[in-house]
*Asks:* 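Below are the C-alpha cells for one structure; questions will follow.
Below, all heavy atoms of this structure are taken into account, side chains as well, without hydrogens, waters or symmetry copies. Each chain gets a letter, A, B and so on, in the order its sequence line appears, and its residues count up from 1. It should be emphasised that the depicted structure is a prediction, and the values quoted were computed from it without experimental measurement.
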Amino acid sequence: MAIDSRVVARVAHLARLQVDDGESEALSERLNDILGMVDQLQQADVGEVEPLAHPLEVSQPLRDDQVDEPDVRDKVLPLAPASEDGCFLVPRVIE
Amino acid sequence: MHDKTLTELKAGLQAKDFSARELTEHFLDRIEARDGELNSFITVTREQALRQADAADQAIAAGDHRLLTGLPIAHKDIFCTEGVRTSCGSRMLDNFVAPYTATVVENMAREGAIMLGKTNMDEFAMGSSNETSFYGPVRNPWDTERVPGGSSGGAAACLAARLAPAATGTDTGGSIRQPAALNGVTGLKPTYGRVSRWGMIAFASSLDQAGPLGLSAADCALMLQAMAGHDAKDSTCLNEPVDDYLGGLDQGLDGLRIGVPEEFFPDNLDGAIADNAREALRELEKQGAKLVKVSLPSIKLSVPAYYVIAPAEASSNLSRFDGVRFGYRCEAPKDLEDLYKRSRSEGFGAEVKRRILVGTYALSAGYYDAYYKRAQKVRRLIRDDFARAFKEVDVLMGPTSPETAFKLGAKADDPVNMYMADVFTIAVNLAGLPALSMPSGFIDGLPAGTQVIGNYFQEGRVLNVAHRYQLATDWHLRIPGAFQ
C-alpha cells in the first residue's frame with residue numbers, strides 16, 4: 001500500500017506531529033522506502049505461530065499493594081515549561 | 001595512563017601508582033584538549049567528577065576497594081543523572097535536568113565509579129551513524145571523515161581515542177556492538193532483563209538493554225559485574241543471580257562448540273569482512289574450539305520485523321513528549337493541539353519523526369494485523385531459530401557489521417540503506433540474547449569487529465570467549481595514530 005500525502009497527514013495527526021506541505025512529498029517517499037522493505041514480512045509463513053512480545057516470555061511480577069512512591073511534586077514541577085498553583089499549565093481548553 | 005585498560009588502571013589505583021584525582025584529571029584534560037575533533041561528549045561533568053575522585057581517594061586510603069573505586073567512566077546521555085542535563089541527543093530534552101538517577105549509573109557509583117560526563121548519541125538512540133544527534137555528528141577517531149556508528153557513537157569514539165577508559169551504552173538493534181566494531185573497542189549487550197532499564201530513556205522497551213563498552217572483554221566483565229542485577233523499579237529486570245563474570249574469564253576453550261550461521265556470511269557480503277571474521281574463528285579453533293555449521297533461516301526477516309516492532313514501541317514511548325510536563329515547548333501555542341503538534345515537530349529531528357510515523361501507521365486501525373502482529377510472529381520464528389541452534393552449540397559467531405566505518409553523510413536521506421548497518425545485530429535483540437563485539441583486525445586502516453552471541457544469561461561464556469581471543473591477539477590494544 002503506497003503512502004501519499006493524504007496518508008501522511010492522517011498518520012501525522014494521530015501522532016500529533018505537524019507535517020508542512022513542503023516536506024510531505026519527500027517524507028512520503030522515505031516512508032514508502034521503509035514500508036517497501038518492511039513488506040518482506042509478507043513472505044513469511046507464519047500460519048498458526050503465536051505472536052511474541054517478550055523474548056523470555058516471563059510473566060509480570062506483582063509487588064505488595066502498598067504506597068512506596070514518595071511525593072515528588074516539588075522536584076518535578078520546576079521541569080515543566082509552565083506551571084501554576086502546583087499544576088501543569090496548558091492553553092485554555094474550555095471556553 | 002590513558003593507554004591502559006580499566007583492569008590495569010584498577011590495579012594502578014590499588015598499588016597507589018597514581019591517585020583517583022590524578023587519573024580523573026588526566027582524562028578530563030584529554031577530553032578538553034581533544035574532544036573538539038570528535039564531539040563525543042555532550043556534557044562534561046568536571047567538578048562532580050573531581051568531587052567523586054576525592055571521595056574515591058579517601059575510600060582507597062581507608063582500604064575500601066570496591067569493583068570500580070576511583071575509575072572514571074563516561075555515561076551515554078540516555079541515562080538520567082540527577083542534577084545533570086540528560087538530553088538523549090535531542091532538542092526535545094536539551095533543557096532537561098534529570099530529577100533522578102538511572103539504576104545503572106547508581107549501581108556503578110555505589111561501586112565507586114566516577115562519572116566523567118555524558119556521551120553523544122543518535123537522537124533517542126535512533127541511528128547507526130551518530131549523525132542524527134541534535135548536538136552534531138560524532139567523528140571516528142580512526143578517520144575523522146567517517147562516522148563512529150551508532151547509536152552509542154560517542155561512547156565508542158571517546159573510548160577508542162582514550163578520552164575515557166570505559167563507557168556505558170544501550171543497544172536496541174546493535175547500538176553498542178556496531179559502534180564498538182567501527183571504533184575497534186569491545187562492547188556487550190546483555191540478555192534482555194539482565195540490567196535495569198530504570199532511568200534509561202525508553203526507545204523500544206521490549207528490545208532496549210544497557211551494557212558496557214570497554215577496551216577489552218575483561219574490562220566489560222568488570223563493568224557488567226557492577227551494572228547487572230535485579231531492580232524492583234524495572235518490572236522487566238529479571239530476578240536471577242548474577243554470575244561471577246571476572247572469575248570465569250580465563251577458562252580454556254577446549255571443546256567449545258562455535259556455531260557459524262551461514263546467514264552471517266551471505267553471498268553479497270564484502271569479502272574482506274567475511275575473511276576477517278573467519279580469521280577470528282581460526283584463532284579460536286587453534287585454542288581447541290570446534291566450528292559447527294548452523295542455519296538460522298528466519299533471521300533474514302529480522303530487519304523488516306525490527307522496523308515494525310521498534311518504531312511501534314517508539315511511537316508509544318515517545319508520546320510522553322508533549323510539551324506539557326518537561327522538555328521542549330513551542331513558542332506561543334494557540335491551543336492545546338497546536339502546543340502538542342508544534343512542540344513535537346520542533347523538538348524531534350527527522351529520523352525520530354519518521355520512526356514515530358512508521359510506528360503509528362503500523363499500529364493504526366486496519367494495519368495492525370498486517371504489520372505489528374505479523375512482525376511479532378516473525379519474532380517468535382527468529383527466537384526459535386536461535387533456540388534450535390543453541391541445542392547444538394555454545395556460542396554463535398560472525399561479523400558484527402557488514403562494513404567498516406563509512407563516510408559522514410554517505411547514507412544521509414537513505415534510511416533503508418542505513419538500517420542495513422545492523423543486519424547482523426538486530427536478530428539478537430529480537431531474541432533477547434546476550435552478544436558482544438570484539439575487535440578482530442583492520443581493513444584498509446579501519447577497525448573490524450566480530451560478534452559472539454551466547455544463550456540466555458551466558459554473558460560469562462561470551463566474555464570468556466572474547467577474553468581468550470584477546471589473550472592471543474592485540475587488535476583491542478591498538479590506538480588511533482592521532483590519539484596516542
*Asks:* After noting the C-alpha distance and the side-chain angles of B/D322 and A/F88, does the key distance pass the side-chain contact (heavy atoms from CB on, under 4.5 Å) rule?
*Replies:* CA-CA 12 Å; B/D322 57 3; A/F88 297 111; over 6 Å; no
*Asks:* Less than 4.5 Å apart, any side-chain heavy atom of B/Q376 and any of A/E50?
*Replies:*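 No - every pair of side-chain heavy atoms lies 4.5 Å or more apart.
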*Asks:* Is A/L35 close to B/Y307 at the side-chain level, that is, under 4.5 Å between some pair of heavy atoms?
*Replies:* no
*Asks:* Mind checking the OG1-CD spacing from B/T236 to A/Q60? Nearest 0.5 Å is all I need.
*Replies:* 8.0 Å
*Asks:* Quick one: does any side-chain atom of A/R16 pair with a main-chain N or O of B/R344 as donor and acceptor, under 3.5 Å?
*Replies:* no
*Asks:* Does the side chain of A/H54 come within less than 4.5 Å of B/S206's, by heavy atoms?
*Replies:* no
*Asks:* What part of B/Y100 is in contact with chain A, defined as an atom under 4.5 angstrom from a non-hydrogen atom: side chain, backbone, both or neither?
*Replies:*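 No part of it gets close to chain A.
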*Asks:* Please name the pair of heavy atoms, one in A/G47 and one in B/K377, separated by the smallest distance, quoted to 0.1 Å.
*Replies:*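 Of all heavy-atom pairs spanning A/G47 and B/K377, the closest is O-NZ, 3.8 Å.
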*Asks:* Between B/L357 and chain A, which part of the residue has a heavy atom less than 4.5 Å away: side chain, backbone, both or neither?
*Replies:* both
*Asks:* Taking atom CG as the centre, does A/D68 end up with more than 12 heavy-atom neighbours from other residues, nucleotides or ligands that are less than 6.0 angstrom away?
*Replies:* yes
*Asks:* Could you tell me which portion of A/L89 (side chain, backbone, both or neither) has an atom closer than 4.5 angstrom to a non-hydrogen atom of chain B?
*Replies:*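 Only the backbone of A/L89 comes within 4.5 Å of chain B.
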*Asks:* Are more than 12 heavy atoms from other residues, nucleotides or ligands located less than 6.0 Å from atom CD of A/Q40?
*Replies:* yes
*Asks:* Are the side chains of B/Y419 and A/I34 in touch, meaning some heavy atoms are under 4.5 Å apart?
*Replies:*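 Touching, per the 4.5 Å side-chain cut-off.
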*Asks:* B/P415 and A/R30: which non-hydrogen atoms are nearest, and at how many Å?
*Replies:* CD-CD, 3.5 Å
*Asks:* Do the non-hydrogen side-chain atoms of A/M37 and B/M420 ever get within less than 4.5 Å of each other?
*Replies:*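 Result yes, sub-4.5 Å side-chain heavy-atom pair found.
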*Asks:* Using 0.5 Å steps for rounding, measure from the CG atom of A/L14 to the OG atom of B/S315.
*Replies:*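 Here the interatomic distance stands at 10.0 Å.
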*Asks:* Whether the side chain of A/Q43 engages the backbone of B/L301 through a donor-acceptor N/O pair (distance < 3.5 Å, no angle test) should be reported.
*Replies:*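 Side chain of A/Q43 to backbone of B/L301, a donor-acceptor pair under 3.5 Å: no, none is there.
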*Asks:* Which atoms of B/S319 come close to chain A, meaning under 4.5 Å heavy atom to heavy atom: side chain ones, backbone ones, both, or neither?
*Replies:* neither
*Asks:* Which region of A/R63, side chain (C-beta onward) or backbone (N, CA, C, O), has a non-hydrogen atom less than 4.5 Å from a non-hydrogen atom of chain B, or is it both or neither?
*Replies:*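 Looking at A/R63, nothing touches chain B.
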*Asks:* Is the backbone N or O of A/P51 less than 3.5 Å from a side-chain atom of B/R380, with the two atoms forming a donor-acceptor pair by type?
*Replies:* yes
*Asks:* Is the shortest heavy-atom distance from the side chain of A/L56 to the side chain of B/T191 under 4.5 Å?
*Replies:*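 Sidechains of B/T191 and A/L56: in contact.
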*Asks:* Which atoms form the tightest heavy-atom contact between A/A44 and B/V378, and what is the distance?
*Replies:*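 Between these two residues, the closest heavy atoms are CB-CG2, 3.8 Å.
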*Asks:* Side chains of A/V7 and B/Y361: closer than 4.5 Å at any heavy-atom pair?
*Replies:* yes
*Asks:* Might you point out which heavy atoms bring A/P61 and B/S235 nearest each other, and give the distance in Å?
*Replies:*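 Distance-wise, the nearest heavy atoms are CD-O, 3.4 Å.
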*Asks:* Only one of B/V416, B/D413, B/N417 passes side chain to side chain contact (heavy atoms under 4.5 Å, CB included) with A/D33; say which it is.
*Replies:*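 Among B/V416, B/D413, B/N417, the one that satisfies the side chain to side chain contact (heavy atoms under 4.5 Å, CB included) with A/D33 is B/V416.
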*Asks:* Please classify the contact of A/V11 with chain B as side chain, backbone, both or neither, using a heavy-atom distance under 4.5 Å.
*Replies:*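 When you check distances to chain B, atoms from both the backbone and side chain of A/V11 fall under 4.5 Å.
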*Asks:* Which distance, rounded to the nearest 0.5 Å, do you find between the CG of A/L79 and the CZ of B/F96?
*Replies:*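 The CZ atom of B/F96 is 6.0 Å from CG of A/L79, to the nearest 0.5 Å.
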*Asks:* Report yes or no: does B/R354 contribute a side-chain atom to a donor-acceptor pair with the main-chain N or O of A/L31 at less than 3.5 Å?
*Replies:* no
*Asks:* So, are B/K353 and A/E23 salt-bridged, with charged N and O less than 4.0 Å apart?
*Replies:*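 Here B/K353 does not pair with A/E23 in a salt bridge, since their nearest N and O are not under 4.0 Å apart.
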*Asks:* Is chain A contacted by the side chain of B/E82, its backbone, both, or neither, given a heavy-atom distance below 4.5 Å?
*Replies:*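 Contact with chain A: side chain only.
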*Asks:* To check you understand the geometry: which heavy-atom pair defines the closest contact between A/L41 and B/A375, and what is its length?
*Replies:* CD1-CB, 4.0 Å
*Asks:* Does atom CZ (A/R10) have a neighbourhood of more than 12 heavy atoms from anything else shown, all under 6.0 Å?
*Replies:* yes
*Asks:* Under a 3.5 Å distance rule, please check whether B/R329 uses its side chain to pair with a backbone N or O of A/P81 as donor and acceptor.
*Replies:* no
*Asks:* Does atom CG (A/D45) have a neighbourhood of more than 12 heavy atoms from anything else shown, all under 6.0 Å?
*Replies:*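 Atom CG in A/D45 is not packed in, count stays at 12 or less.
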*Asks:* Quick check on B/E337 against chain A: is it the side chain, the backbone, both or neither that has a heavy atom closer than 4.5 Å?
*Replies:* side chain
*Asks:* What's the separation between atom NE2 in A/H13 and atom OH in B/Y340, rounded to the nearest 0.5 Å?
*Replies:* 12.0 Å
*Asks:* What part of B/L430 lies closer than 4.5 angstrom to a heavy atom of chain A: side chain, backbone, both or neither?
*Replies:* backbone
*Asks:* Can you tell if the side chain of A/L17 reaches within under 4.5 Å of the side chain of B/K341, non-hydrogen atoms only?
*Replies:*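 No. Closest side-chain heavy atoms not under 4.5 Å.
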*Asks:* For A/Q42, is it the side chain, the backbone, both, or neither that has a heavy atom closer than 4.5 Å to a heavy atom of chain B?
*Replies:*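 Both parts, backbone and side chain.
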